K.L.:
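Submitted below is the structure of interest, expressed as structure tokens.
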Amino acid sequence: MALLSKKDTNLILDPLADNNPITIQVLGICSALAITAELKASLVMAIAVIFVLGVGNVVISAMRNIIPSKIRIIVQLIVVATLVIVVDQVLKAFAYPLSKTLSVFVGLIITNCIIMGRFEAFALGNGLWRSFLDGIGNALGYGVILIIVGFFRELFGSGTLFGIPVLGDPIEKTGLYATGYENNGFMIIPPAALIVVGVIIWVQRSKNPALVEEN
Amino acid sequence: MLEHIELFFRSIFIDNMVFAVFLGMCSYLAVSKKVTTAVGLGAAVIFVLGVTVPLNWLLDKYLLQDGALVWLGPEYADYNLSFLSFILFIATIATMVQLVEIIVEKFSPSLYNSLGIFLPLIAVNCAILGGSLFMQSRQIETFGLAVNYGISSGIGWFLAILAIAAIREKIRYSNVPAPLRGLGITFIITGLMGIGFQSFGGMLTGGEETAEAAQESAAVQKLENQEKASLEELKKEEEALTTKGVSYNDVNK
């Protein structure tokens with residue numbers, strides 16, 4: 001028997017494209033936009049969310065029969081908050097400068113709507129293994145958008161990727177800069193993230209007209 | 001008094017919750033289709049931020065900060081519980097939202113009817129937790145300033161959702177390209193509004209930051225002057241050299 005049945009594969013692949021948490025379900029926008037000026041921060045944020053959502057979904061799924069439905073929101077918040085504290089402490093211990101860049105946005109994973117949304121919509125009604133796959137899939141879908149946005153913003157805004165110059169040196173005028181190319185400072189400022197995500201949505205929906213909204 | 005006014009305008013316009021740090025985007029996008037519902041949610045956010053930020057300020061000051069437990073006795077001075085802040089803040093917020101809902105329902109049914117459905121939504125709104133976390137990271141000094149910060153960032157959020165809801169009501173009559181309809185155009189409009197709000201950045205003159213900026217520009221000026229001076233010296237040397245007639249050209253001859 002294969003490790004992943006067809007249904008299980010769909011759990012992972014669906015959120016990557018046609019059911020993407022950011023561009024289709026409109027969840028978890030807050031943190032997606034604020035930290036994408038650098039590719040490295042986007043990548044770390046994506047990994048953090050994959051960890052929190054994967055583990056959190058399993059924990060909630062394991063407890064789904066003993067959580068009274070009236071206080072489930074608080075139970076869910078406590079589970080996420082605990083996992084996020086783990087992430088935050090690990091970041092502070094092993095990547096201190098990066099945790100400074102991410103500042104409060106690590107804490108804001110707690111209120112990331114993707115996480116509460118998946119707990120509510122999936123983990124409360126499904127088994128451990130399927131919940132785990134669903135968590136990983138949705139977090140990956142979130143991560144993909146984060147990395148795409150981070151890639152374009154860092155490339156066009158600072159001419160670097162992961163902090164390494166790829167377009168030449170803007171001061172020495174080497175590489176692309178020798179031809180008169182300039183960095184686009186607009187990509188660094190926060191509102192640019194919104195416009196980049198808007199364009200991603202535009203491209204995705206032009207390719208798949210079934211996703212177009214009725215207005 | 002002056003710092004209160006400065007914080008007030010800074011939190012509304014310059015550090016606007018939506019346009020500068022993207023907090024509370026989920027409900028901002030989901031509940032901004034009609035102006036009336038947007039006003040309801042916005043009012044609820046102002047209210048909850050105004051309550052939870054000061055509360056969490058007290059928690060931070062007397063429980064979580066490095067050495068905050070010193071009021072229990074000198075042997076507690078070394079404790080630093082700040083790693084617990086996420087869990088305590090979110091628990092406070094969830095409890096407060098629940099409590100506020102019960103109180104409002106009891107004492108003001110009309111307010112409950114207008115805010116009611118939004119209150120549970122707010123517990124998981126990033127703007128609320130974000131308000132508390134920014135309050136902590138910006139090290140707001142007094143209780144009064146914390147109250148001020150909570151309410152004014154709430155007002156900033158209210159303004160943002162009111163504006164986008166009004167625009168979305170009107171944009172229904174325009175011919176937006178099909179793939180951009182709904183979500184896409186809302187993102188792009190928010191981005192443009194964000195750029196507009198960036199122009200408020202220079203609104204506050206006075207205060208420390210401008211002083212720092214002035215110092216910086218003074219330092220830059222100094223450096224430039226030094227460079228100019230050294231350039232002039234170089235020129236003089238060159239002139240001296242040419243007049244003496246020992247330039248490389250001469251050597252080559």
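Computed from a predicted model, the values in this text were never measured in an experiment. Labels below follow one simple rule: chain letters A, B, ... track the order of the sequence lines, proteins then strands, and each chain is numbered from 1.
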K.L.:
If you count heavy-atom pairs within less than 4.5 Å of chain B, which of A193(A), A192(A), P190(A), A81(A) leads?
P.N.:
P190(A)
K.L.:
Can you tell me if CZ on F186(A) sees more than 12 non-hydrogen neighbours from other groups inside 6.0 Å?
P.N.:
yes
K.L.:
Where do M193(B) and L194(A) land on the side chain to side chain contact (heavy atoms under 4.5 Å, CB included) test, with the steps shown first?
P.N.:
CA-CA 10 Å; M193(B) 284 162 77; L194(A) 283 161; over 6 Å; no
K.L.:
Select one option (side chain, backbone, both, neither) describing which atoms of I195(B) are under 4.5 Å from chain A's heavy atoms.
P.N.:
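Its backbone and side chain both get close to chain A.
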K.L.:
Nearest 0.5 Å please: distance from the CZ atom of R181(B) over to the CH2 atom of W202(A).
P.N.:
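That separation rounds to 12.5 Å.
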K.L.:
Determine the minimum heavy-atom distance between P191(A) and F22(B), stating which atoms define it.
P.N.:
N-CZ, 4.2 Å
K.L.:
Go through the atoms of T190(B) and report whether side chain, backbone, both or neither lie under 4.5 Å from a heavy atom of chain A.
P.N.:
both
K.L.:
Please classify the contact of I74(A) with chain B as side chain, backbone, both or neither, using a heavy-atom distance under 4.5 Å.
P.N.:
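For I74(A), the contact with chain B is made by the side chain alone.
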K.L.:
Kindly indicate whether the side chain of L192(B), heavy atoms from C-beta on, has any atom under 4.5 Å from the side chain of I195(A).
P.N.:
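In short, these two side chains touch, coming nearer than 4.5 Å.
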K.L.:
Sort Q198(B) into side chain, backbone, both or neither according to what part of it lies under 4.5 angstrom from a heavy atom of chain A.
P.N.:
side chain
K.L.:
Working to the nearest 0.5 angstrom, can you tell me the gap between L108(A) CG and L129(B) CG?
P.N.:
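Reported to 0.5 Å precision, the distance equals 5.5 Å.
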K.L.:
If you check every heavy atom in residues 43-51 of chain A against those of chain B, which residues fall under 4.5 Å?
P.N.:
none
K.L.:
Give, for atom CG of L77(A) and atom CZ of F86(B), the distance between the pair rounded to the nearest 0.5 Å.
P.N.:
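One finds 14.0 Å between CG of L77(A) and CZ of F86(B).
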K.L.:
Rounded to the nearest 0.5 Å, what's the gap from SG on C126(B) to CD1 on I110(A)? Could you check?
P.N.:
11.0 Å
K.L.:
As an exercise, state the distance from CD1 of I201(A) to CG of L183(B), rounded to the nearest 0.5 Å.
P.N.:
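Rounded to the nearest 0.5 Å, the CD1-CG separation comes to 4.0 Å.
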K.L.:
Tell me, with the steps shown, if V199(A) and F187(B) meet side chain to side chain contact (heavy atoms under 4.5 Å, CB included).
P.N.:
CA-CA 9 Å; V199(A) 171; F187(B) 264 98; over 6 Å; no
K.L.:
Going by the side-chain hydrogen bond (donor to acceptor under 3.5 Å, both in side chains) test, which pairs reach into residues 75-85 of chain A, not counting sequence neighbours?
P.N.:
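Residue pairs passing side-chain hydrogen bond (donor to acceptor under 3.5 Å, both in side chains), neighbours aside: Q76(A)-E120(A).
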K.L.:
Would one find more than 12 heavy atoms of other residues, nucleotides or ligands at under 6.0 Å from atom CD of E141(B)?
P.N.:
no
